[in-house]
Each structure stands twice: as structure tokens, then as C-alpha cells.
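Right, one structure below, let's go through it.
What you are looking at is a predicted structure, and each value in this text was computed from that prediction instead of being measured.
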Amino acid sequence: MTKLEQEVDQLFDDYFRDFGNLDLDAIVDYFHLPCMFTTPFGVFVFTTAAEVDGFWRPRFDDLRSQEFGHTERSEASIKVLTDDTAIASSLATRFNKDGKQMERRGAAFTVRKADAGWKIVALIHHSPDNVVKLS
């Protein structure tokens with residue numbers, strides 16, 4: 001793995017750690033502004049941290065009510081495009097506090113290296129069976 005691939009991989013290790021802790025403030029900071037989410041519910045473009053917070057807050061509240069425990073990242077794939085852009089894809093498996101699987105989700109991301117480090121520019125939810133292999 002190249003140095004840039006390691007940097008992007010670390011971004012997602014940290015992101016999944018903070019997501020597992022349901023740390024909303026930390027999660028909001030992972031996103032570049034503006035950013036875009038493509039979900040089964042539509043396409044969302046956010047220009048402020050408050051809008052990103054507004055997207056995640058009800059989802060985090062829902063996960064708390066379901067006794068969410070942690071997320072495991074697997075099938076991670078990263079392709080660095082330039083010194084400051086990359087694409088990543090992975091499978092996220094969510095578990096409750098008892099270790100029972102809650103759901104599996106696939107997601108692809110475009111990321112950009114800014115002054116503050118690597119940030120997520122676009123998030124695309126997809127079937128957990130369609131993790132993109134970017135080698």
C-alpha cells in the first residue's frame with residue numbers, strides 16, 4: 001500500500017471508529033464542504049456542517065434506540081487518482097451491543113486532501129453485495 005493509500009485507509013479507520021462510538025461531532029468533521037450523499041432516499045448536497053449534522057443526527061438516534069454496538073469495515077478498496085483525490089469502497093456490517101448482526105451496507109466514497117487532511121466529498125450507498133474493487 002502506498003503512503004497516500006495508507007492515509008486514505010487511516011481516514012476510514014478513524015471514520016468507522018467514530019461512527020461506532022456514535023460521535024456525531026467527529027463524524028461531521030470528516031466531510032468536505034460542500035459534500036454530496038447519494039442514498040436510497042435521494043441525493044443530498046450539504047454546504048454547512050449543520051446540514052451534515054442534520055442528516056446524521058436522526059440516524060444516530062435510531063441506532064442508539066436499536067442498541068447499536070459497533071461497525072466492522074471489510075472488503076476495503078482504495079484507488080488514489082492524484083496526490084489529493086481518491087476513491088474508496090467498503091462493506092460496513094453493523095452489530096448491536098450483544099454482537100448480533102443488524103445490517104450490512106455498501107458505500108463508495110470520493111475523498112479530497114484539503115489543508116485539514118483527507119475529507120469525504122461524496123458518499124454513495126450501494127448494495128453490500130456490490131463493493132467496488134478499485135485495484
Side-chain angles (χ1 to χ4, degrees):
M1 191 178 288
T2 69
K3 181 181 181 302
L4 290 175
E5 288 170 336
Q6 289 173 351
E7 290 176 11
V8 173
D9 192 54
Q10 186 63 54
L11 165 75
F12 287 105
D13 280 349
D14 296 345
Y15 175 81
F16 275 80
R17 178 200 63 226
D18 290 339
F19 196 101
N21 292 327
L22 297 178
D23 186 341
L24 184 58
D25 291 333
I27 290 302
V28 168
D29 195 46
Y30 285 97
F31 291 92
H32 184 282
L33 296 174
C35 62
M36 181 179 75
F37 296 4
T38 303
T39 74
F41 309 107
V43 176
F44 304 91
V45 176
F46 303 121
T47 59
T48 68
E51 291 171 331
V52 176
D53 180 290
F55 177 87
W56 285 116
R57 185 171 298 279
R59 286 152 185 84
F60 278 26
D61 290 345
D62 186 50
L63 288 170
R64 281 187 192 91
S65 74
Q66 295 178 50
E67 301 283 319
F68 172 77
H70 71 282
T71 299
E72 293 179 6
R73 174 179 167 231
S74 60
E75 299 185 40
S77 181
I78 297 167
K79 178 72 172 177
V80 173
L81 303 174
T82 66
D83 288 347
D84 64 353
T85 59
I87 299 172
S89 182
S90 64
L91 172 65
T93 305
R94 292 180 181 161
F95 296 88
N96 68 15
K97 290 180 180 177
D98 294 328
K100 182 179 175 189
Q101 182 177 309
M102 297 170 62
E103 66 180 335
R104 296 169 64 237
R105 290 183 172 236
F109 304 85
T110 58
V111 296
R112 178 176 182 267
K113 190 172 188 177
D115 291 339
W118 289 94
K119 300 284 185 172
I120 300 168
V121 175
L123 177 154
I124 304 167
H125 284 270
H126 58 72
S127 165
D129 300 322
N130 291 329
V131 174
V132 181
K133 302 297 180 198
L134 298 164
S135 48

Requested in this report: Give the C-alpha distance, both sets of side-chain angles, the deciding distance and a yes or no for side-chain contact (heavy atoms from CB on, under 4.5 Å) between T110 and H32.
Outcome: CA-CA 10 Å; T110 58; H32 184 282; over 6 Å; no
Report task. Indicate, with yes or no, if F16 and F60 share a hydrophobic cluster defined by side-chain heavy-atom contacts under 4.5 Å among Ile, Leu, Val, Met, Phe, Trp and Tyr. Result ->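 Same cluster.
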Query - Short side-chain to backbone donor-acceptor contact, H126 and A107, under 3.5 Å - result: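 Indeed, once roles are kept as given, a pair shorter than 3.5 Å links the two residues.
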Query raised in the report: If only atom types and distance count, is the side chain of N96 paired as donor or acceptor with the main-chain N or O of D98 below 3.5 Å?
Result: yes
How many angstroms lie between atom [atom1] of [X] and atom [atom2] of [Y], to the nearest 0.5 angstrom?
X	Y	atom1	atom2	result
R57	L24	CZ	CG	5.0 Å
D84	W118	CG	CH2	6.5 Å
L123	Y30	CG	OH	14.0 Å

Query raised in the report: Can M36 and V43 be said to form a side-chain contact (heavy atoms from CB on, under 4.5 Å), step by step?
Result: CA-CA 7 Å; M36 181 179 75; V43 176; 3.8 Å; yes
Any non-hydrogen side-chain atom of [X] less than 4.5 Å from a side-chain atom of [Y]?
X	Y	value
K113	E7	yes
D9	R73	yes
D29	K119	yes
D62	R59	no
Q101	T93	yes

Query raised in the report: Using the ring of each side chain (for Trp, its six-membered ring), is F46 parallel, tilted or perpendicular to F37, with breaks at 30° and 60°?
Result: perpendicular
Query raised in the report: Does a salt bridge link R17 with D14, judged by any charged N lying under 4.0 Å from a carboxylate O?
Result: yes
Query raised in the report: Stepwise, does the side-chain contact (heavy atoms from CB on, under 4.5 Å) test hold for M102 with L63?
Result: CA-CA 10 Å; M102 297 170 62; L63 288 170; 4.1 Å; yes
Report summary line: Exactly one of L134, V132, T85 clears side chain to side chain contact (heavy atoms under 4.5 Å, CB included) with K79, and that residue is L134
**Report entry** Between F19 and W56, ring centroids under 6.0 Å
**Finding:**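 F19 vs W56: aromatic centres under 6.0 Å.
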Query - Derivation and outcome, side-chain contact (heavy atoms from CB on, under 4.5 Å), residues L4 and I78 - result: CA-CA 10 Å; L4 290 175; I78 297 167; over 6 Å; no
